[in-house]
Amino acid sequence: MDVVINVFVILHIIGIASLLGGFLTQMKAMGAGTARFVPAMLHGAITMLVTGVVLVGLNQMQDYAVDNIKIGVKLAVLIVILGLVYVKRDEEKVEKPLFGLVGLLTVVNICIAVLWT
């Protein structure tokens with residue numbers, strides 16, 4: 001079962017990489033005011049949501065310790081990110097503050113995952 005958990009951890013990391021990578025590729029465009037939410041950002045956020053839920057279930061099945069408050073905070077942040085990206089996904093350009101907020105929330109989610117013990 002540990003192999004399955006590790007596979008989902010890898011998929012979860014790929015999801016965050018897609019979300020953050022999509023943001024970083026649009027940084028120059030954000031400076032010019034032409035940034036948009038690329039499909040990689042939406043797909044990364046969805047991947048994170050699905051793999052995160054599966055990881056919590058797998059860890060609870062194995063009776064591993066799960067910090068439900070941490071998971072709840074991460075889930076809330078991810079739902080905000082996913083909502084913003086989903087709603088604005090078809091727009092030609094997204095306002096700088098909104099686009100920057102998605103990048104900031106993505107980094108906050110990473111920090112919560114790594115630093116909250």
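We use all heavy atoms of the structure for the numbers below, so side chains are in, but hydrogens, waters and symmetry mates are not.
We find the CG-CG distance between Leu101 and Leu104 to be 6.5 Å, quoted to the nearest 0.5 Å. Between atom OG1 of residue Thr34 and atom NZ of residue Lys28 there is a gap of 10.0 Å, rounded to the nearest 0.5 Å. Note: Asp67 CG to Asn59 CG = 12.0 Å, rounded to the nearest 0.5 Å. Taken to the nearest 0.5 Å, the CE atom of Met48 stands 12.5 Å off from the CG atom of Leu11. Residue Leu82 holds its CG atom at 9.0 Å from CG of Leu19, rounded to the nearest 0.5 Å. Interatomic distance, Ile112 CD1 to Lys74 NZ, rounded to the nearest 0.5 Å: 6.5 Å.
A pairwise comparison of heavy atoms in Val114 and Thr117 identifies O-CG2, 4.5 Å as the closest pair. Nearest approach of Ala40 to Ser18, heavy atoms of both residues: O-OG, 2.6 Å.
Side-chain heavy atoms closer than 4.5 Å link hydrophobic residues (I, L, V, M, F, W, Y) into clusters, and following such links, possibly through other members, connects Phe23 to Val38. Linking ILVMFWY side-chain heavy atoms closer than 4.5 Å, directly or via other members, places Val87 and Phe99 in two distinct hydrophobic clusters. Linking ILVMFWY residues whenever their side-chain heavy atoms come closer than 4.5 Å, directly or via other members, places Val85 and Met30 in the same cluster. Cluster membership for Val56 and Val7, using ILVMFWY side-chain heavy atoms within less than 4.5 angstrom, is not shared.
Of the possible polar contacts, one joining the Thr106 side chain to the Val102 backbone as a donor-acceptor pair under 3.5 Å is found. Listed for the His12 side chain is no donor-acceptor partner under 3.5 Å among the backbone atoms of Thr51. Between the Lys70 side chain and the Trp116 main chain, a donor and an acceptor come within less than 3.5 Å of each other. Judged by distance alone, with hydrogens and angles left aside, the side-chain atoms of Gln26 form no donor-acceptor pair with the main-chain N or O of Ala35 at under 3.5 Å. In this structure a side-chain-to-backbone donor-acceptor pair under 3.5 Å is missing from Asn109 to Leu105.
Note: Tyr86 and Phe37 fail the aromatic proximity criterion, with ring centroids not under 6.0 Å apart.
You'll find the side chain of Met61 reaches within 4.5 Å of the side chain of Met1, heavy atoms only. Taking the side chain as every heavy atom from C-beta outward, Gln60 and Asn68 approach each other to under 4.5 Å. At a threshold of 4.5 Å between non-hydrogen side-chain atoms, the residues Arg36 and Lys88 do not count as touching. Between Ile71 and Val66, some side-chain heavy-atom pair lies under the 4.5 Å cut-off. A heavy-atom distance below 4.5 Å is found between the side chains of Ile5 and Tyr64.
Within a 6.0 Å sphere centred on CD1 of Ile69, heavy atoms belonging to other residues, nucleotides or ligands number 12 at most.
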- prompt: Going through the checks in order, is the side-chain contact (heavy atoms from CB on, under 4.5 Å) test met by Ile16 and Thr47?
  reply: CA-CA 8 Å; Ile16 192 76; Thr47 300; over 6 Å; no
